[in-house]
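Let me begin by presenting the structure, written as structure tokens, before commenting on it.
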Amino acid sequence: MHAAVITAFDAPPSYREHPEPVAAGEHDLVVDVLAAGLHHLTRAKANGSHYSSTGALPLVPGADAVVRDAQGRLRYAALDDTPFGTFADRTVIDERRSVVLPDEVDPVRIAAAMNPAMSSWVALRRRIDFRPGGRVLILGATGNAGRMAVQIAKLLGAAHVTAAGRDPARLAALPALGADQTVTFDQIERAADADVVIDYVWGEPSAGAMIPLLTARTDRGAPLTWIQIGSLAGRTAPIPSAALRAARLQLVGSGIGSVPARHFLEELPALAAAVTRGEIDVRARAVPLAEVSHAWTTAATDERIVFVP
Ligand SMILES: NC(=O)c1ccc[n+]([C@@H]2O[C@H](COP(=O)([O-])OP(=O)(O)OC[C@H]3O[C@@H](n4cnc5c(N)ncnc54)[C@H](OP(=O)(O)O)[C@@H]3O)[C@@H](O)[C@H]2O)c1
């Protein structure tokens with residue numbers, strides 16, 4: 001069979017012949033891969049920089065996929081840390097880390113959506129005690145995960161959602177997805193009365209937004225939970241010490257580890273159903289897996305690249 005294979009952390013994968021995967025554990029299934037998304041997580045694991053990276057080479061990248069099992073059922077599967085990922089004709093999944101999908105779903109759409117959508121879905125449902133009626137501010141709302149977070153916050157009962165980003169033209173599309181307000185980072189105080197911040201940006205922009213946001217709050221004693229999820233602008237952020245004193249700010253992170261794997265898995269069916277019902281806007285571009293080297297290095301696009309073997 002063919003797979004995308006990484007042999008060096010500083011080079012893109014190459015499409016080549018690769019040994020067939022083998023089921024080892026009692027819950028393992030060898031499956032055909034139908035569609036697998038090129039997510040930030042996938043790239044970070046493939047270049048060795050993600051905190052869950054094993055450092056082992058060679059590796060087949062791909063953290064999740066829509067697959068077909070031996071019984072012909074479609075499943076969405078999220079893989080554990082493994083050197084045998086989903087960018088291949090076939091892979092091995094743990095059936096406990098998968099959810100059976102209806103036959104009529106579009107595999108490319110599901111493969112594009114689940115990873116970015118899961119970020120806000122799990123953060124709001126499992127990482128914090130989010131109450132319907134809350135006010136949510138999304139930093140980095142113009143990306144795939146950010147756009148979906150606008151819709152997911154509303155689906156989960158947010159009364160008011162502010163979409164924040166650096167590009168006013170791209171922000172202008174977000175009210176159509178449910179954003180009540182859009183702001184650039186230099187207007188962040190307009191979202192001062194948020195209860196929850198969903199932060200995909202981190203780095204200087206997030207750190208710089210904290211004091212203006214916190215000091216503009218109507219009630220600085222009202223709790224504000226800031227959920228660190230992505231690091232598009234920087235892996236570290238120079239957080240001013242005053243930010244932790246000026247208001248009732250609580251900083252938490254949401255991702256693999258801070259949310260137990262079983263909680264992610266328990267949320268898969270409900271999220272897959274929401275995507276299937278069309279409640280979440282998905283932008284996907286299917287690309288043949290044979291073109292993986294080229295697609296890996298071409299400029300970023302708004303659409304999530306989904307490899308189709
Ligand atoms: N923890 C989790 O559970 C989890 C799950 C999934 C994803 N993530 C993380 O979430 C983040 C977003 O993922 P995604 O799939 O939405 O990515 P994406 O679709 O590639 O989104 C990229 C967006 O980032 C914005 N951006 C890039 N650099 C920026 C900067 N310096 N300042 C402000 N905005 C910047 C861009 O905004 P403009 O160009 O419009 O300005 C662009 O729209 C990633 O860091 C990813 O690793 C975390």
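First listed ligand is number 1; within each ligand, the first listed atom is number 1.
In this structure, atom 12 (C) of ligand 1 lies nearest to the protein heavy atom Leu232 CD1, 3.7 Å. From the protein, the heavy atom lying nearest to atom 41 (O) of ligand 1 is Arg166 NE, 2.6 Å. Looking only at protein heavy atoms, the nearest one to atom 31 (N) of ligand 1 is Ala233 CB, 3.3 Å. Remark: minimum distance from atom 17 (O) of ligand 1 to any protein heavy atom is reached at His40 NE2, 2.9 Å. In this structure, the protein non-hydrogen atom closest to atom 37 (O) of ligand 1 is Thr142 OG1, 3.1 Å. In terms of protein heavy-atom proximity, atom 15 (O) of ligand 1 is closest to Arg304 NH2, 2.7 Å. Of all protein heavy atoms, the one lying nearest to atom 16 (O) of ligand 1 is Ala145 N, 2.6 Å. Closest protein heavy atom to atom 1 (N) of ligand 1: Ser254 O, 2.8 Å.
Taking a cut-off of under 4.0 Å to the non-hydrogen atoms of Ser119, the atoms of ligand 1 that pass are 2 (C), 3 (O), 4 (C), 5 (C), 6 (C). Here is the list of ligand 1 atoms found below 4.0 Å of a heavy atom in Gly230: 9 (C), 10 (O), 11 (C), 45 (O). Close approach to Ser231 involves these atoms of ligand 1, each under 4.0 Å from a residue heavy atom: 45 (O).
Annotation: Arg73, atom CZ; neighbour count of heavy atoms from other residues, nucleotides and ligands within 6.0 Å is above 12.
Remark: the Gln187 side chain and the Thr184 side chain contain an N/O donor-acceptor pair separated by less than 3.5 Å. Tyr200 and Ser231 form no side-chain donor-acceptor contact under 3.5 Å, judged by distance and modelled atom types alone.
When the heavy atoms of Glu204, Met148, Arg170 are ranked by distance to atom 40 (O) of ligand 1, first place goes to Arg170.
Phe87 and Trp296 have perpendicular rings, their planes meeting at more than 60° on a 0 to 90° scale where under 30° would count as parallel.
Looking only at distances, a side-chain donor or acceptor of Gln228 sits under 3.5 Å from a matching main-chain atom of Gly230. Although no hydrogens or angles enter the test, the distance criterion places no donor-acceptor pair under 3.5 Å between the side chain of Asp199 and the main chain of Ile227. One N or O on the side chain of Arg97 and one on the backbone of Ala78 form a donor-acceptor pair closer than 3.5 Å. For Arg75 (side chain) and Val100 (main-chain N/O), no donor-acceptor pair under 3.5 Å exists by modelled atom type.
Of the polar atoms of Tyr200, none of the N or O atoms is found under 3.5 Å from an N or O of ligand 1, judged by distance alone. For ligand 1, the polar-atom distance check against Val201 finds no nitrogen or oxygen pair separated by under 3.5 Å. Inclusion of Ile229 in the set of residues having an N or O under 3.5 Å from an N or O of ligand 1 is warranted.
Salt-bridge formation is not detected for the pair Asp219/Arg217: no Lys NZ or Arg NE/NH1/NH2 atom is positioned less than 4.0 Å from an Asp or Glu carboxylate oxygen.
At a heavy-atom distance under 4.0 Å, no atom of Asp302 approaches ligand 1.
Applying the side chain to side chain donor-acceptor pair (under 3.5 Å) test to every pair with at least one member in residues 139-156, sequence neighbours left out, gives these pairs: Asn144-Arg147, Lys154-Asp180.
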